[in-house]
Amino acid sequence: MTNVVGEDFQDAVLTDQEWEGRTFEHCDFTDADLTGLSTRSCVFTECVFTGADLNASRHVATAFRSCKFERTVLGKSTLDGCSLLGSSFVDCRLRSLRLRETDLTLVGMGRADLRGLDLRGTRFREANLTDCDLRRCDLREADLTGARLLGARLAEADLREARIDADALVQANLKGARVDTMLALAFAAAHGLRVD
């Protein structure tokens, strides 16, 4: 296992690398070319990925803890069984991102464009999804407990069996969203309706 602390990888070209079991703490990957990077069981803690290119990268059982992604390219990237606990995403390209069994607890993704993504089973507990575009997303069985969804657009999203708080049901735009009976009842109650 390799442990790297405080290393400067700014502008580094690390394309098509394969990393397994490595740990990075307080490392700076600003403007690094990480295209095609493959990680397995790696841990990144408080690392900076501003302007980094992670296009077509694949991450399995990797943790990005409190990392900063700003103007980062994650197109065609896959996160499988990963954790992004407390990380923030600002002005990133996420439209073709693939997530499987990924934990986005406490993630900041305000104003992110996630339209049409398959987010089934994704954990968004306490995440900031303010003004996020989630139209046509598959959010079946997603956990949005405590998530901030003020101004979030969920039109035509599939929310069956998703867990969402009453506040979020009032704050988000759910026009045309697909819901199950339990969520429909919760929506009605959140809007002050009495269901007999």
- Message: Which residues pass the ring-ring contact (aromatic ring centres under 6.0 Å, His included) test with Phe69, not counting sequence neighbours?
- Response: Phe49, Phe64, Phe89
- Rounded to the nearest 0.5 Å, what's the gap from SG on Cys47 to CZ on Arg65? Could you check? 11.0 Å
- Item | Test item: Ser38 side-chain N/O and Glu18 main-chain N/O as donor-acceptor pair under 3.5 Å | no
- Minimum heavy-atom separation for Cys82 to Ala61, with atom names? SG-N, 3.9 Å
- Separation between CZ (Arg163) and CG (Asp143), nearest 0.5 Å, reads 4.0 Å
- Looking only at atom types and distance, does a side-chain atom of Thr62 sit under 3.5 Å from a main-chain N or O of Val60, one as donor and one as acceptor? yes
- Message: Looking at Lys76, is its backbone amide N or carbonyl O close enough to the side chain of Ser96 to form a donor-acceptor pair, meaning the two atoms are under 3.5 Å apart?
- Response: yes
- Cys132 and Ala112 have their tightest heavy-atom pair at SG-O, 3.3 Å
- Query: Under 4.5 Å between any side-chain heavy atoms of Leu34 and Gln17, yes or no?
  - Reply: no
- Thr145 OG1 to Arg125 CZ distance, which is reported to the nearest 0.5 Å: 4.5 Å
- Task: Evaluate the criterion side-chain contact (heavy atoms from CB on, under 4.5 Å) for residue pair Arg135 and Glu156; output intermediate values, then yes/no.
- Result: CA-CA 6 Å; Arg135 290 177 289 173; Glu156 299 178 41; 5.9 Å; no
- Message: Once salt bridge (charged side-chain N to carboxylate O under 4.0 Å, His left out) is applied, what residue pairs with a partner in residues 105-115 remain, sequence neighbours excluded?
- Response: Arg95-Asp113, Asp113-Arg115, Arg115-Asp133
- Taking every non-hydrogen atom, the tightest pair across Leu154 and Ala177: O-CB, 3.6 Å
- Task: Considering non-hydrogen atoms only, spot the tightest contact between Ala168 and Ala147 and give its length.
- Result: CB-O, 4.3 Å
- Message: Between Thr50 and Thr30, do the side chains contain a donor N or O and an acceptor N or O under 3.5 Å apart?
- Response: no
- Message: Pair Leu79, Leu74 - check side-chain contact (heavy atoms from CB on, under 4.5 Å), show working.
- Response: CA-CA 10 Å; Leu79 296 168; Leu74 286 158; over 6 Å; no
- Side-chain heavy atoms under 4.5 angstrom apart, residues restricted to Ile, Leu, Val, Met, Phe, Trp, Tyr: same cluster for Phe187 and Phe124? yes
- Item | Arg100 atom CZ: more than 12 heavy-atom contacts under 6.0 Å | no
- Query: Is it true that Leu99 and Leu37 fall in one hydrophobic cluster, defined by side-chain heavy atoms closer than 4.5 Å?
  - Reply: yes
- Message: With a 4.5 Å cut-off on side-chain heavy atoms, are Asp165 and Leu149 touching?
- Response: no
- Message: So Arg140 and Arg160, do their side chains get closer than 4.5 Å, heavy atoms only?
- Response: yes
- Message: Tell me if a side-chain donor or acceptor on Ser77 pairs with a main-chain N or O of Leu54 at a distance below 3.5 Å.
- Response: yes
- Message: Please say yes or no: joined through hydrophobic side-chain contacts below 4.5 Å, possibly via intermediate residues, are Val4 and Phe44 part of one cluster?
- Response: yes
- Task: Taking the side chain as every heavy atom from C-beta outward, state whether Thr130 and Gln171 have any pair of such atoms under 4.5 Å apart.
- Result: no
- Query: Atom CG in Leu134, atom CG in Asp158: separation rounded to 0.5 Å?
  - Reply: 13.0 Å
- Give me the one residue out of Leu129, Leu104, Leu119, Thr122 that meets side chain to side chain contact (heavy atoms under 4.5 Å, CB included) with Leu144. Leu129
- Taken to the nearest 0.5 Å, the spacing of Glu161 CD from Asp180 CG works out to 6.0 Å
- Task: Determine the interplanar angle of the Phe29 and Phe9 rings, folded into 0 to 90°, and report it as parallel if under 30°, tilted if 30 to 60°, perpendicular if over 60°.
- Result: parallel
- Task: Answer yes if Leu84 and Leu117 sit in the same cluster of Ile, Leu, Val, Met, Phe, Trp and Tyr residues linked by side chain heavy atoms under 4.5 Å apart, and no otherwise.
- Result: yes
- Shortest non-hydrogen separation from Gly81 to Thr102 and the atoms involved: N-OG1, 4.0 Å
- Message: Apply salt bridge (Lys or Arg N to Asp or Glu O under 4.0 Å) to residues Arg71 and Asp91 and explain how you reach the verdict.
- Response: CA-CA 5 Å; Arg71 297 183 323 280; Asp91 295 328; over 6 Å; no
- Item | Residue pair Glu25, Asn3: steps toward the side-chain contact (heavy atoms from CB on, under 4.5 Å) verdict | CA-CA 8 Å; Glu25 296 179 48; Asn3 187 19; 3.8 Å; yes
- Minimal heavy-atom distance between Ala190 and Leu169, with the atoms involved, is CB-CB, 4.2 Å
- Item | hydrophobic_cluster_shared for Phe24 and Leu14, side chain cutoff 4.5 Å | yes
- How far does CE of Met182 sit from CD1 of Ile164, to the nearest 0.5 angstrom? 13.0 Å
